[in-house]
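Side-chain atoms are counted along with the backbone in the values below, which use heavy atoms only and exclude waters and symmetry mates. In what follows, every chain begins at residue 1, and chains take the letters A, B, ... in the order their sequences are listed.
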Amino acid sequence: MEKISCDIAIVGAGIAGLRAAIAASNFNKKINIAVISKTFPVRSHSVCAQGGTAAVLRRGDSFDLHAWDTVKGSDFLADQDVVEFFVKKAPKQVIFLDCLGMPWSRDEEGLIAQKRFGGHSFSRGCFAADYTGLHEMHTLYGKASALENITFYNEWFATSLLTEEGKIKGLTVINIKTGEMHLFKAKAVILATGGFMRVYSFTSHSHTATGDGVAIAYRAGVPLKDMEMTQFHPTGLVPADGVLITEGARSEGGFLLNNKGERFMGKYAPEMMELAPRDVVARAEWTEIMEKRGFSSSFGKYIALDLRHLGEEKIKEKLPFIKEICRKLAGLNPANDLIPVKPTAHYSMGGIHVNVKTETEVRGLYAAGECSCLSLHGANRLGTNSTAECLVFGEVAGVEAAKYALKHDFSEAPLDKVKSEEERVFDGILGKEGFEKVPEIRKEMRETMNENCWLFRNEEGLKKGLKKIRELKERFKHVAVEDKGKIFNTGLIAALELDFMLDIAETILTSALLRKESRGAHVRVDYPERNDKEWLVHTLIYCSKEGLKFNFLPVTITKWKPVARKY
Amino acid sequence: MGKRETVRFKIKRFNPEKETFKELIYYVPLQKGMTVLDALNYIKDKVDGTLSYRFSCRMGICGSCAVQVNGKPVLACCTQVADVMKKEIIIEPLPNFPLIKDLVVDFSFFMNKYKNLKPFLLRKKPATFEKEIPQTVNEHSRIWSYSLCIKCGICFAACPTSPDENFLGPTHLSTLYRFMADSRDQGLKERLVICQENAWLCTQCSSCNLTCPKEVEIAESIVEIRKLLTEEGKLPRSIIKVLLSLRNNYNPWGFSSTERNKFLMELGVKPIKDMFLNPEENHLFFTCCTASYDQRCKEAAEKIVKSLRAGGLALASFENMEWCCGDSASKLGEKGLYEYLAEHNFNLIKNSGLRKVVTISPHCYDTLKKKEPYKRLGLKVKHYTEVLAELIDKGELIPQQENKLKVTYHDPCYLGKINKVFEEPRKIIKSLPGAEFVEMERNRENSFCCGGGGGRLWSEESVPHGERPSMERIKEAIKLGVDVVATACPFCLIMLSDAVKTMGVEEKIKVEDIGSLVYESLKKNP
């Protein structure tokens, strides 16, 4: 097996991964950085981010206000030291991108324009029309691609982390183009592999958002935090399996209507209306649908997003991508038609447990972006805080990993683990003559998650779901990959991804069963109230030889005591 | 529920381990709103798990799933099956990229050359990242549309010039222009160096614009780059010659303007001088510079005129007062020169009172019909193939002479894909006694450029590296076993017949203008 050595290996080339690579490169030009990505960087799911990036830039706004909005939005599960750090660092990231050439939308004075997003009490979302993620990605990629000490390994798939005695040694990676496995020896590793909402069937996530980094960390014994906290975005396009319609559509003045034509948000969030935080809006929509005030279609029940009153011109100028998505995927013109939407699995507040320096419990292993859990978003993330998080903590991870790499030498990677990983992939999956099929198990997993771990949860459903996922894990042992070739075997990659997702689905269900209260995005109908006395804690879940283990961590509170959450 | 419709897909597969190609047929039950990507996923999940292709966002923003559908490069996730439905839907990998497996092509070289563009702001003083750099809404709007490129490779696949290694390619040129046009950027000179040799290789065929899923005006960005190069005086010598000739002789060929259109008068075309010509009865015949000065094109033009006259059309010409329509000047980035030429013609036409125009060249057609200042005249511009088809249709022109020929048709870009005149030339060929018409594989909107537009015809410096598009096109025609490649544009006529000569296949195949074919079939007709 070919060995590749690098000082820092970054897995994932979305906003967090690229930001980390640039930060590490700038920190020290002698550090050699490998960016390993299973797609070409600009194909990463980050390009799908539409809305914006939160940053305190203007008079009238303040760090405390941004922090308070974030903490309240999190239903008080966010670690407030992390939030305070984050809000102070966000503005510089917006400026950083501007200086690289990011085409931020502008205001009348030629300064970066801002608008208000859900749960924010100030217009602090910077945006590039509704293409914010696309432009952030291409801006970062433009810079990173030209830095001499960064090497891109595009379409390379990381399969496992190599750790020993609580220290990172490297990782195993398949070059998809050749099908060969490689050993990457690395002093430090940053995981920036993004989210995993592909465990659900109705989701805004790209097909590639399968949580590979989360799963390989978990398998290496790194704890996952708050995995029950999955966010459902209120406006997933119904005829297109949950494709995102940005919250920006409501920032620009869009209404949500039930089948009686009522702006029902008045009942649920009289002040913020459609711009209440996502958990509140998504629950309101689902309640309307359950109480038979939704619309019906051959694609299922839905709520109407009404942009018609904005007019053709404003839609074209402010929401060009939404216009295009509606036309190409649903045959609609938002200037004339109502947009059919409902909550779509969108984001995980939970992920790899890291501290404010993005360090995991394994020395030399860092995580940033959606795959990580800082915890910045607690039980519910506000719109525009995730791209900001990727930028802020991507940079932190790059700098911290660089510092670590400069202080440490390479150490021998555990070759027995490499060998067993080769066996797992090539003998255990690719070479196996099984009778189960990846697409079938994947479909059942997604349906199980949709049915049992959606917005409103209860013990019975969660238990049923967990039982089913465990059955699917058993069945996966008999899976066969139809394509037996080595070169660009997408069937093999899909099997590896499914294997990872089954682990992740299990942790989500387990954590959701564990948390016996309702907080933010996590609603237990059998425990409908928030319970600060017992549950103002983070859930940690570990994978060990003896099976799943749990632990709890207290929430860090600096300034803001939990209060009732009203919008 | 009624019986569900089934769609037949033919997918070109490549097995890299065995190095074998095959075409496989799959049947997919059609569902409401089904995209080509949904169909591919159906095939992979339910029928054949070995099929390889890329996909991710399924909302037209990640650029992974670009494939060729029925000969046109598209994003599979944004293409509704219902919109491309035929007897069978053919799916192939993107051309112009090395093949890896099935529908997966190698993007490495494409991505690797991206860094050479310095795709970030270049500033005189290094950025301190302390303050935003102000940019007005107007300045922002100048770069916005060009910044929407998602690097899906579709324009590169559609471009006739991208196989040329010296060419930076449409994707990269438009991205380069996006930075040149950025008010915050201070690295124009550095950026011009990257493209000064190769921006002239673009043929302005618009295949990039017409296929871009984000509707980026890529061809225009290349014209803008040429404009900047012109302003900096960074022009190849032969382009300077062309521009000088346009300035001094009002044609790009370097010939005296007094010689222009002499041949027309002998053919019964009326001079437009002081005499009043009834605008209802008379058509302004706008001769292309190329048809006036290039011997082959002139011969074709004569036959076009004779055929039109035989159909009873009254034609009038400005003779040597007519100047180049300006298309070449405009596509070479010389906006001022374009305006100079166009203004002259504009005044002539305006004063003549004539409003019905027939052009030989699709380039004049496009310019007179759609570009300012001509647009303001509200002209009824027709390409001669449209007029001939109409005359034949009405029975005013009857091709009688039987000529046993197998004929294919090469769509000129400016007539076909840009102006959607597809059917008239075909109708004409089909009406010719003895002619058997066959389509080339790449036809109509997916037609392949001859390589002569955008000033390419005259620029000696921009000799293409590797095979010329025109030669590729001739090979495609030879494969069909045809006697004649018919076309309807002076540029195509020159490029394709040169290719025939260079390849030494004059015995096998001929290139003819449609007008000539019509004329030959009229011969016995008094």
Which atoms of Lys484(A) come close to chain B, meaning under 4.5 Å heavy atom to heavy atom: side chain ones, backbone ones, both, or neither?
-> neither
Shortest non-hydrogen contact from Ile225(B) to Leu173(B)?
-> CD1-O, 3.4 Å
Could you verify whether a donor N or O on one side chain and an acceptor N or O on the other, from Asn96(B) and Ser162(B), lie under 3.5 Å apart?
-> yes
Interface moiety of Thr136(B) toward chain A, non-hydrogen atoms closer than 4.5 Å = backbone
Does any donor atom in the side chain of Gln93(A) or Thr53(A) lie under 3.5 Å from an acceptor atom in the other side chain?
-> no
Under 4.5 Å heavy-atom distance to chain B, tell me which part of Glu317(A) shows up: side chain, backbone, both or neither.
-> neither
If you count heavy-atom pairs under 4.5 Å with chain A, which of Gly33(B), Pro16(B), Cys77(B) comes out on top?
-> Pro16(B)
Under the side-chain contact (heavy atoms from CB on, under 4.5 Å) test, which residues partner Glu23(B), sequence neighbours left out?
-> Lys10(B), Lys12(B)
Of the backbone (N, CA, C, O) and the side chain (C-beta and beyond), which part of Phe96(A) lies under 4.5 Å from a heavy atom of chain B, both, or neither?
-> both
Under a 4.5 Å heavy-atom cut-off, does chain B meet the side chain of His135(A), its backbone, both or neither?
-> side chain
Quickly, which of Asp38(B), Ile91(B), Ile11(B) forms a side-chain contact (heavy atoms from CB on, under 4.5 Å) with Ile43(B)? Name it, please.
-> Ile11(B)
Under 4.5 Å to a heavy atom of chain B? For Phe299(A) that would be side chain
For Arg191(B) and Asp185(B), run salt bridge (charged side-chain N to carboxylate O under 4.0 Å, His left out): C-alpha distance rounded to whole Å, both residues' side-chain angles, the deciding distance at 0.1 Å, then the answer.
-> CA-CA 10 Å; Arg191(B) 297 191 190 282; Asp185(B) 192 72; 2.7 Å; yes
Look at Val42(A), Asn154(A), Thr139(A) and state which one has the largest set of heavy-atom pairs under 4.5 Å with chain B.
-> Val42(A)
Electrostatic pair Glu132(B):Arg58(A) at N-O distance under 4.0 angstrom | yes
Based on non-hydrogen pairs under 4.5 Å, which of Lys118(B), Arg178(B), Glu139(B) is most in contact with chain A?
-> Arg178(B)
Using a distance-only test with no angle check, is there a side-chain donor-acceptor pair under 3.5 angstrom linking Asn209(B) and Glu220(B)?
-> yes
Indicate yes or no: does Lys38(A) engage Glu497(A) in a salt bridge with an N to O separation below 4.0 Å.
-> yes
Identify which part of Leu134(A) has an atom lying under 4.5 Å from any heavy atom of chain B, answering side chain, backbone, both or neither.
-> side chain
Please check if the distance between the ring centroids of Phe179(B) and Tyr177(B) is under 6.0 Å.
-> no
Who among Ala240(A), Ala128(A), Ala330(A) has the most heavy-atom pairs with chain B under 4.5 Å?
-> Ala128(A)
Contact leader toward chain B among Ser46(A), Ser44(A), Ala209(A), Gly110(A), where contacts are heavy-atom pairs under 4.5 Å | Gly110(A)
Do we get Lys101(B) above Phe14(B)'s six-membered ring, with its NZ or CZ under 6.0 Å from the centre and within 45° of the axis?
-> no
Would you say the side chains of Thr50(B) and Asp48(B) form a donor-acceptor pair under 3.5 Å?
-> yes
Check whether more than 12 heavy atoms from other residues, nucleotides or ligands sit under 6.0 Å from atom NZ of Lys316(A), and answer yes or no.
-> no
Which atoms of Ile133(B) approach chain A - backbone, side chain, both or neither, heavy atom under 4.5 Å | both
Where does Thr175(B) contact chain A at under 4.5 Å (heavy atoms): side chain, backbone, both or neither?
-> neither
Taking heavy atoms only and a threshold strictly under 4.5 Å, list by residue number the residues of residues 146-154 of chain B that touch chain A; give 'none' if the list is empty.
-> Ser147(B), Leu148(B), Cys149(B), Ile150(B), Lys151(B), Cys152(B)
Portion of Ile325(A) that has a non-hydrogen atom of chain B nearer than 4.5 angstrom | side chain
Side chain / backbone / both / neither for Arg184(B) at chain A, heavy atoms under 4.5 Å = side chain
Is the ring centre of Phe9(B) less than 6.0 Å from the ring centre of Tyr27(B)?
-> no
Please state whether the side chain, the backbone, both or neither of Met102(A) comes within less than 4.5 Å of a heavy atom of chain B.
-> backbone
Side chain, backbone, both or neither: which part of Glu324(A) has a heavy atom under 4.5 Å from chain B?
-> side chain
Counting only heavy atoms closer than 4.5 Å, note whether Pro103(A) contacts chain B via side chain, backbone, both or neither.
-> both
Go through the side-chain N and O atoms of Asp212(A) and Thr193(A) and say whether any donor and acceptor fall under 3.5 Å apart.
-> no
Just give me the residue among Gly63(B), Ala127(B), Pro134(B) that pairs up with chain A most often, heavy atom to heavy atom, under 4.5 Å.
-> Gly63(B)
Side chain, backbone, both or neither: which part of Phe488(A) has a non-hydrogen atom closer than 4.5 Å to chain B?
-> both
Ring centre gap for Phe152(A) and Phe40(A) strictly below 6.0 Å | no
Assert yes or no for the condition that the ring centre distance of Phe156(B) to His172(B) is strictly below 6.0 Å.
-> no
Examine whether an atom of Asp83(B) lies under 4.5 Å from a heavy atom of chain A, and if so say whether it belongs to the side chain, the backbone or both; otherwise answer neither.
-> neither
Indicate whether the side chain of Lys46(B) and that of Tyr26(B) have a donor and an acceptor atom separated by less than 3.5 Å.
-> no
Heavy atoms only, distances under 4.5 angstrom: which of Asp106(B), Asp182(B), Thr35(B) has the most pairs with chain A? Name it, please.
-> Asp106(B)
Heavy-atom distances under 4.5 Å only: say whether Asp241(A) touches chain B with side chain, backbone, both or neither.
-> both
Does any donor atom in the side chain of Thr344(A) or Ser204(A) lie under 3.5 Å from an acceptor atom in the other side chain?
-> no
Examine whether an atom of His138(A) lies under 4.5 Å from a heavy atom of chain B, and if so say whether it belongs to the side chain, the backbone or both; otherwise answer neither.
-> both
Heavy-atom pair count under 4.5 Å with chain A, highest-scoring of Val104(B), Asn15(B), Val137(B), Thr79(B) | Val104(B)
Return the option, out of Arg123(B), Lys131(B), Lys32(B), with the maximum number of heavy-atom pairs under 4.5 Å with chain A.
-> Lys32(B)
